[in-house]
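Worksheet: the structure to be examined is printed underneath.
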Amino acid sequence: MNNLISHTKIWNTLKTHQQSLAQIHMRDLFASDSQRFERFSVEACDLLLDYSKNRLTTETLTLLQQLATTAKLQKWIARMFQGEKVNNTEQRAALHIALRNRSNTSILVDGKEVMPEVNMILAKMRQFSESVRSGEWRGYTGKPIKSIVNIGIGGSDLGPAMVTRALKAYHPPHLRAYFVSNADGTHLGETLTELDPETTLFIVASKTFTTQETLLNARSARQWLINKLGDEKAVAKHFVAVSTAKQKVTEFGIDPANMFEFWDWVGGRYSLWSAIGLPIVVMIGMDNFEQLLSGAHQLDKHFETAPFDKNLPVLMGLISVWYSSFFNATTEAILPYDYTLELFPAYLQQLVMESLGKQVTREGENVDYPTCPIIWGAPGNNGQHAFYQLLHQGTLMIPTDFIIAIFSQHNFPGHQEAVLSNALAQTYALMMGRNPEETQALLKIPNPSLPQCEIEKSEKLTQQLPHRVFPGNQPSNTLIYKKLTPKILGTLIALYEHKVFVQSVCWGINPFDQWGVELGKQVAGTLLPTLCSEQEKDAHHTIKHDPSTEGLLNYIKAYRHG
Ligand code: F6P
């Protein structure tokens, strides 16, 4: 069997085309086409995408669209939107689009309408969040809630934490949000020291309600609350859960009436639109959360209907495939010039790498092309003073996304001008670089036919020349919006979700499972009893690991047990 996309004619055509483009500098592409910006930019859903600073031509785009057609992208989009089981290894639909289906059109899973349940949970979230925000919901001792703590990890943490942080401007002054995810007791411990148990509400968020880190943190938080308030009955007023597993929530001791449900057709990293978004709703209010959903819905419609050459996620997905598969680019950097998006790169790490970090196709065939790029990044101006050196003068090709807000949430004189000029300067400099002639002119290297001291100066400057040259030709996308609002944020997140889907279809992989996280969890399960036992060399420790792991275990145990 060989159904790999890399064995198609279009793949080979793209390979040949890459060779013809590999030596061409983007500054020449710009020099030969005064309309390049107009040709390679799209405005849709209140976003402008400028992709002209990429190593591509009209022909590249045509070929990449042919690749998408060969991979049956349009069919796969329809299958996902219609609730088919596109997550084939878990036999599940991937219907995050239903969670923000503001048109409320019919969507079926296994012949059953999902919208009534979606709307019911949204209504429950509204009612609950309003009672917390208004002070109607009282803690065990009768005080209103002042702090909410989301306990979750992965998709049950990163999305809600990123959005809650990004929309800080929408938080009410009397509420604060905390996110506890790490199993290291420091995370919970440091958070609890800031909290008053009488006015704290914990949201335990776990799709499966089996995740070790989350249950550990939830149990310890529960014990802390009981110790502080002196009564187990207090739990009902201070703990709610978000999960697909009612039985497990009940067993944990949370009243099912305080549980917000979602469904197995919502993937963890696609779940912030579901009840997993509860901390967001409490912090920004349901009306604003609905704006977030509307923004995503608008992008969903665009993705479903816009022609490929005007389709934001399709273009961004194809460009990413172009670099990963044909230029062997191994990473992509996310550079928000909007400080509210400081957690966006971390959120995207899970979205992209848990979705695309795969080595086999949907059918289980090993791929013979690189798939997922490594995602990293940080807010723009900070990154400039940290890792941009690598982008400008390193040896790697690193495609970047510049995400730029025209207006900030805070208007200090001169600040936004500094942000915007730096953002644009960087995309320009990465594209243009500075060639040896330009650098020489800039260094004002004197004419060597002059006196001895001038010759020495000239030699010193000439030695510096290679260090001061910038190759340029580093590709970037620029995404611009007016100001970060819940709606724009929803659009932006959905854009990246669908970009990932486009990549997955081109590579023929299932982006909705994550078997790769299983092995580590399983091995941790075998190590746990050994770590818990008192003996350095535990007689019951029957599972033998490699000598390195055994050595490390014994070293740790020697310290732990004195
Ligand atoms: O281990 C990875 C993972 O399964 C993620 O996919 C998921 O987002 C995270 O763990 C948390 O899972 P849960 O919501 O079931 O606690």
Side-chain angles (χ1 to χ4, degrees), residues 21-22 24-27 29-30 36-37 40-42 47-56 60-61 64 162 312-313 315-349 351-353 356 370 372-406 419-434 470-481 492-493 495-496 499-500 502-503:
L21 257 186
I24 298 179
H25 200 287
M26 272 191 280
R27 55 161 69 194
L29 294 177
F30 273 95
R36 196 170 162 84
F37 171 75
F40 298 120
S41 59
V42 184
L47 288 173
L48 171 74
L49 167 67
D50 169 22
Y51 61 101
S52 61
K53 293 192 185 92
N54 276 294
R55 295 175 68 174
L56 51 78
T60 321
L61 273 191
L64 285 170
M162 181 275 287
L312 299 175
L315 288 167
M316 287 180 68
L318 291 177
I319 292 170
S320 188
V321 168
W322 177 229
Y323 292 128
S324 297
S325 294
F326 298 95
F327 280 86
N328 294 322
T330 50
T331 85
E332 274 176 23
I334 307 296
L335 310 170
Y337 281 76
D338 181 341
Y339 194 67
T340 65
L341 292 178
E342 64 174 325
L343 301 182
F344 199 53
Y347 159 78
L348 284 183
Q349 284 184 328
L351 176 68
V352 180
M353 298 200 278
L356 299 174
C372 186
I374 295 160
I375 300 296
W376 58 287
N381 286 61
N382 303 66
Q384 283 173 218
H385 299 275
F387 55 77
Y388 276 38
Q389 167 66 37
L390 171 74
L391 302 180
H392 285 292
Q393 290 187 311
T395 54
L396 300 171
M397 182 212 235
I398 303 177
T400 48
D401 285 354
F402 284 75
I403 304 174
I404 305 173
I406 298 174
V419 170
L420 293 171
S421 56
N422 272 286
L424 298 188
Q426 290 298 329
T427 68
Y428 172 85
L430 287 169
M431 184 273 286
M432 283 292 279
R434 194 172 66 201
F470 293 72
N473 222 11
Q474 280 282 35
S476 67
N477 291 316
T478 300
L479 273 168
I480 303 195
Y481 50 85
L492 195 62
I493 299 167
L495 167 59
Y496 277 91
K499 173 193 167 186
V500 167
V502 171
Q503 290 167 275

To the nearest 0.5 Å, tell me how far [X] [atom1] sits from [Y] [atom2].
{"X": "Thr60", "Y": "Arg55", "atom1": "OG1", "atom2": "CZ", "answer": "11.0 Å"}
{"X": "Met26", "Y": "Met432", "atom1": "CE", "atom2": "CE", "answer": "10.5 Å"}
{"X": "Asn54", "Y": "Arg36", "atom1": "CG", "atom2": "CZ", "answer": "7.5 Å"}
{"X": "Leu495", "Y": "Lys499", "atom1": "CG", "atom2": "NZ", "answer": "8.5 Å"}
{"X": "Asp338", "Y": "Ile406", "atom1": "CG", "atom2": "CD1", "answer": "11.0 Å"}
{"X": "Leu348", "Y": "Ile493", "atom1": "CG", "atom2": "CD1", "answer": "9.0 Å"}

Between [X] and [Y] (side chain of the first, backbone of the second, donor and acceptor by atom type, cut-off under 3.5 Å), is there such a pair?
{"X": "Tyr337", "Y": "Ser421", "answer": "no"}
{"X": "Asn473", "Y": "Ile24", "answer": "yes"}
{"X": "His392", "Y": "Gln474", "answer": "no"}

Before you tell me yes or no, could you show the steps for Asn382 and Tyr339 under side chain to side chain donor-acceptor pair (under 3.5 Å), namely the whole-Å CA-CA distance, both residues' side-chain angles and the distance that decides it to 0.1 Å? CA-CA 10 Å; Asn382 303 66; Tyr339 194 67; 5.6 Å; no
Are [X] and [Y] packed together at the side-chain level, in the sense that at least one heavy-atom pair is separated by less than 4.5 angstrom?
{"X": "Trp322", "Y": "Leu21", "result": "yes"}
{"X": "Leu335", "Y": "Leu391", "result": "yes"}
{"X": "Val419", "Y": "Ile404", "result": "no"}
{"X": "Leu492", "Y": "Leu341", "result": "yes"}
{"X": "Leu430", "Y": "Tyr388", "result": "no"}

Going by atom type alone, with no hydrogens or angles, which donor-acceptor pairs under 3.5 Å involve a side-chain atom of residues 393-403 and a protein atom two or more places apart or on another chain?
residue : atom : partner : partner atom : Å
Gln393  : OE1  : Gln389  : NE2          : 3.0
Gln393  : NE2  : His467  : O            : 3.0
Gln393  : NE2  : Val469  : O            : 2.7
Thr400  : OG1  : Pro475  : O            : 3.2
Asp401  : OD1  : Asn477  : ND2          : 3.0
Asp401  : OD2  : Tyr496  : OH           : 2.6

Go through the steps for Leu48 and Thr478 under the test side-chain contact (heavy atoms from CB on, under 4.5 Å), then give the verdict. CA-CA 8 Å; Leu48 171 74; Thr478 300; over 6 Å; no
Considering non-hydrogen atoms only, spot the tightest contact between [X] and [Y] and give its length.
{"X": "Thr427", "Y": "Leu424", "answer": "OG1-O, 3.1 Å"}
{"X": "Phe387", "Y": "Ala378", "answer": "CE2-CB, 3.8 Å"}
{"X": "Leu479", "Y": "Met316", "answer": "CD1-CE, 4.0 Å"}

Using salt bridge (charged side-chain N to carboxylate O under 4.0 Å, His left out) as the criterion, list what pairs up with Arg27, not counting sequence neighbours.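 Here the qualifying residues are Glu438.
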Return the orientation label for the Phe344 and Tyr347 ring planes: parallel under 30°, perpendicular over 60°, tilted otherwise.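 Parallel.
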Going by the side chain to side chain contact (heavy atoms under 4.5 Å, CB included) test, name the single residue among Leu318, Leu29, Ile319 that passes it with Leu56.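 Going through the options one by one, the only one that passes is Ile319.
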side-chain contact (heavy atoms from CB on, under 4.5 Å) involving Pro373 - partner list, sequence neighbours excluded: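 Partners of Pro373 by the side-chain contact (heavy atoms from CB on, under 4.5 Å) criterion, ordered by chain and then number, come out as Ser320, Ser324, Glu332, Ile375, Gln503, Trp507.
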